[in-house]
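We count ligands from 1, going down the list as the structure has it; atoms in each ligand are counted the same way. All values below were derived from every heavy atom in this structure, side-chain atoms included, with hydrogens, water molecules and symmetry-related copies excluded.
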Amino acid sequence: MKYADLHVHTVYSDGTSTPAEVVCCAKEKNLSCIAICDHDCIDGIAPSIAHSEEVQVEIIPGVELTIIKDTKEIHLLGYFVEWKEKWFTEILERVQRERVTRLDRMIEKLKSFDIEIDRERVMRISGGKGSVGRLHLARALVEVKAVSSIRVAFDRYIGDFRPCYVEDIGFSPKEAIDLILRAKGVPVLAHPGVIEDDSLVKEFIKYGIRGIESFHPEHSQADREKYEKISKEYGLLVTGGSDCHGLGKGRILMGSVKVPYDFVERLKEEAGRIKAARTSN
Ligand code: AMP
Ligand code: FE
Ligand code: FE
Ligand code: ZN
């Protein structure tokens, strides 16, 4: 039986594993296929593909876009996006620049708690490439001993709606879904159980998502069953993955959530339909 992990991060966003390490780990975990889905960044795709050839792990080019809706942060996965398209990479580069500005604003807010963080420290932790984010800032807070753990950094300072949190600019739901479709990718709502607002799921369906990430480490069995049911009801695909951030979230999660390779076949068929429809337009 072949398996795939359809949600993996690299050092090009807030994962701690390089593309070479990610591919190696996939091989060790006996995965046939992984999807590289960095936050607002596609730069980890090419090196992952380059390393995948010798070990024969299939790489799905993906991305995880940040959406802000009514101050909530929601994530949208895009599978099989045309990641080499210049217009697409330019949009992501703009988002990455906005993330640095947002980082500066969070650093500023931390000052009112007498915490001094150098932007350079965070950039060094992030590797200075791709998307910088809160997980890097949390690691910096641990490094300067302002907090005892990443969890405390989020709980006390930079978690959603905590005092030093600054919202990403983010896309609107419609913008993000349209962007993935324009890049001829398959838009899939990431881990809806984390958002805990099912009216949003309906809104995303209305705007054209093609799938729901039902299998995710932060989903309970009840969540999974609920999202599988909704997917079935609306004729959507089901996807799943570990959302592995390397050691960024404590331990390597790759392979802890995986789906049968059939799921990949169905994603490919959908990607084919989207590409055909957009090419004929
Ligand atoms: P950002 O894209 O900068 O908003 O950062 C989002 C990242 O922070 C995602 O990888 C989330 O999983 C992670 N994150 C959000 N809240 C927490 C939390 N309470 N503990 C650990 N990681 C979190
Ligand atoms: Fe992340
Ligand atoms: Fe996510
Ligand atoms: Zn993710």
Looking at Tyr12, I'd like to know if the NZ or CZ of Lys129 sits under 6.0 Å from its six-membered ring centre while staying within 45 degrees of the ring's axis. yes
Applying ring pair (Phe, Tyr, Trp, His ring centres under 6.0 Å), run through His219 and His191 and close with a yes or a no. CA-CA 7 Å; His219 279 183; His191 45 65; 7.3 Å; no
Less than 3.5 Å apart, any donor N or O on the side chain of Ser256 or Arg251 sitting next to an acceptor on the other? no
Presence of salt bridge, Lys226 and Asp198, under 4.0 angstrom: yes
Glu143/Arg124 salt bridge by N-O under 4.0 Å criterion: yes
How open is the angle at the Fe ion (ligand 2) from atom NE2 of His245 over to atom OD2 of Asp14, rounded to 10 degrees? 110°
Has His75 got an N, O or S atom lying less than 2.8 Å from the Fe ion (ligand 3)? yes
At less than 2.8 Å, would any N/O/S atom of His191, backbone or side chain, sit next to the Zn ion (ligand 4)? no
Presence of N, O or S from Glu64 under 2.8 Å of the Fe ion (ligand 3): yes
Proximal heteroatom of Asp243 relative to the Zn ion (ligand 4) (N/O/S): OD1
To the nearest 0.5 Å, what is the distance between CG (Leu137) and CD1 (Ile125)? 8.5 Å
Identify whether the distance between the nearest side-chain nitrogen and carboxylate oxygen of Arg266 and Glu269 falls below 4.0 Å. no
Restricting Glu64 to its N/O/S atoms, the closest one to the Zn ion (ligand 4) is OE1
Answer yes or no as to whether an N/O/S atom of His191 is found below 2.8 Å from the Fe ion (ligand 3). yes
Do any of the N, O or S atoms of His9 sit under 2.8 Å from the Zn ion (ligand 4)? yes
Do any of the N/O/S atoms of His9, backbone or side chain, fall under 2.8 Å from the Fe ion (ligand 2)? no
